[in-house]
Amino acid sequence: MRNRHLLLALILACSPGLAGAAQRHLALSAARLIAPEQARVIEHPLVLIDGERIREVREGGAVPDGYEHIDLGAATLLPGLIDVHVHLDFDPSFASGNYYKDLLTLSPIDAAVLAPTAARRTLEAGFTTVRNLGSAEYIDVALRNAIDRGQLPGPRIVAATLALGATGGHADPDTGFSPFIRFNGASGVVDGADAIRQRVRENVKRGADVIKFMASAGVLSNEQSVGAPQYSQEEMNALVDEAHRWGRKVAAHAHGTEAIKMAIRAGVDSVEHCSFIDEEGLKLARQHGTWLDFDIYNDDYILSEYGKLGVPQAQLDKEKLVGRTQRENFRRAVKAGARMAFATDAGVYPHGWNAKQFAKMVEWGMTPLQAIQAATTHAAELLGRADQVGAVKPGLYADLVAVEADPLTDIATLERVSFVMKGGVVVVPHPSRP
């Protein structure tokens with residue numbers, strides 16, 4: 001027991017962020033606080049923080065004795081933002097501009113070296129929690145654990161490890177290549193209900209917090225279709241049943257109309273992309289309580305930049321089929337009252353740009369408050385972590401961001417955060433407090 005206490009002391013001594021959060025009592029004040037869980041604005045808030053947790057939220061009042069005061073002046077406070085669909089081990093800024101050269105010369109080791117940079121950029125942009133939906137070689141688990149130990153800066157990570165998918169499908173790196181080319185290493189390619197159950201268990205064994213699978217074809221892969229189902233109903237049913245048996249939620253990549261409905265019928269917790277969802281799909285999602293996660297910014301980036309990276313024209317042509325329709329269906333989902341969380345697919349475009357999607361969400365039908373709720377309270381509910389993150393209230397982690405304008409008036413101001421705190425530790429100091 002004495003050795004355990006000594007080890008804990010050494011860990012705290014070597015982790016300034018953790019040690020600092022455990023010892024500090026902070027009081028944050030600002031002009032206003034957007035409380036998305038209450039759908040209201042609190043004027044002149046005073047947020048009291050003990051260690052890594054919020055102790056109390058007051059409307060005005062004096063700073064109590066023993067609390068260090070951080071005055072953010074005219075800024076607007078919000079809960080730390082949440083993105084429920086990122087890929088931290090990839091970023092187009094890491095690419096050379098030669099698609100096939102990168103595929104054939106870079107390895108998961110390169111991705112692992114660069115992933116901490118993506119994590120830091122994400123955190124500094126105000127996203128204090130993310131769900132990483134698919135990663136090579138369990139990189140997201142190692143990154144999550146290093147961040148949790150205080151060894152690296154980054155957001156809280158809900159890790160999916162390897163995305164599961166059918167042979168020849170969106171998760172199969174060999175698709176479209178010569179049969180004499182093989183990509184070695186950990187793979188999520190698996191077929192058949194029994195084998196899928198085993199692979200779900202393997203992912204859980206390796207540290208998965210959530211299970212991700214490819215219900216349909218995709219854009220940035222070499223199959224001809226963009227949305228055809230790639231698992232049978234029996235296979236999807238088995239995957240979801242096994243994941244839920246192990247207490248893991250399930251996210252289904254699905255562009256295609258029928259694949260979306262098959263995934264919802266199987267009982268997935270969220271459908272990603274949702275590009276060609278129809279009225280029946282929206283009705284099914286409401287009946288099942290399924291979350292719909294539309295990534296409606298990255299179409300602009302893909303069509304603008306991916307040709308410069310040497311991405312095959314066939315993939316760009318698939319994106320042209322998806323982009324406008326996905327945004328129109330986003331609007332239909334908002335009008336239908338669907339459960340929707342903030343999901344960007346960051347990694348398809350640069351990490352740290354996550355907040356660029358807010359303006360698109362407002363342009364295509366959400367109010368600014370709805371967009372903020374999607375990235376806070378609603379995202380936390382989808383992740384099953386509403387008792388930890390997604391709001392500024394007692395008992396939750398002290399994850400907060402500030403912006404200098406009012407995002408309820410100008411949602412794009414969320415692209416320019418001026419203060420970031422995660423777990424009671426200041427990550428990005430306010431300009432008035434260098």
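Computed from heavy atoms alone, side chains included, the values below leave out hydrogens, waters and symmetry copies.
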Query raised in the report: Thinking salt bridges, do Arg339 and Glu381 make one under a 4.0 Å N-O criterion?
Result: yes
Query raised in the report: Taking it one step at a time, do His255 and Ser216 satisfy side chain to side chain donor-acceptor pair (under 3.5 Å)?
Result: CA-CA 6 Å; His255 287 283; Ser216 85; 5.8 Å; no
Requested in this report: May I ask you to decide whether Lys320 forms a salt bridge with Asp299, counting only side-chain N to carboxylate O separations under 4.0 Å?
Outcome: no
Query raised in the report: Within 45° of the six-membered ring axis of Tyr397 and under 6.0 Å from that ring's centre, is NZ or CZ of Arg156 located there?
Result: yes
Report task. Taking only Lys NZ, Arg NE, NH1 and NH2, and the carboxylate oxygens of Asp or Glu, determine whether Asp300 and Lys356 approach each other closer than 4.0 Å. Result -> no
**Report entry** Aromatic plane relationship, His273 with His85 - under 30° parallel, 30 to 60° tilted, over 60° perpendicular
**Finding:** tilted
Query raised in the report: Going by an N to O cut-off under 4.0 Å, is there a salt bridge joining Arg131 and Asp293?
Result: yes
Report task. Determine, for Arg201 against Glu242, whether the closest basic-nitrogen to carboxylate-oxygen distance falls under 4.0 angstrom. Result -> yes
Query - Ion pair Lys318/Glu223, N-O distance below 4.0 Å - result: yes
Report task. Verify, without hydrogens or angle tests, whether His351 (side chain) and His87 (backbone) share a donor-acceptor contact under 3.5 angstrom. Result -> yes
Query raised in the report: Between Glu258 and Arg265, is there a salt bridge with N-O shorter than 4.0 Å?
Result: yes
Query raised in the report: So, are Arg245 and Asp241 salt-bridged, with charged N and O less than 4.0 Å apart?
Result: yes
Query raised in the report: Are Phe358 and Phe342 close enough that their ring centers fall under 6.0 Å?
Result: yes
Query raised in the report: Is any side-chain N of the basic residue among Arg416 and Asp410 closer than 4.0 Å to the acidic one's carboxylate O?
Result: yes
Report summary line: Exactly one of Thr257, Asn329, Leu284 clears side-chain contact (heavy atoms from CB on, under 4.5 Å) with Ile277, and that residue is Asn329
**Report entry** Ionic contact status for Glu280 with Lys283, cut-off 4.0 Å
**Finding:** no
Requested in this report: Give me the ring orientation class for Trp353 and Tyr349: parallel if the planes are under 30° apart, tilted from 30 to 60°, perpendicular past 60°.
Outcome: tilted
Query raised in the report: Hey, are Arg24 and Asp50 close enough for a salt bridge, meaning a charged N less than 4.0 Å from a carboxylate O?
Result: no
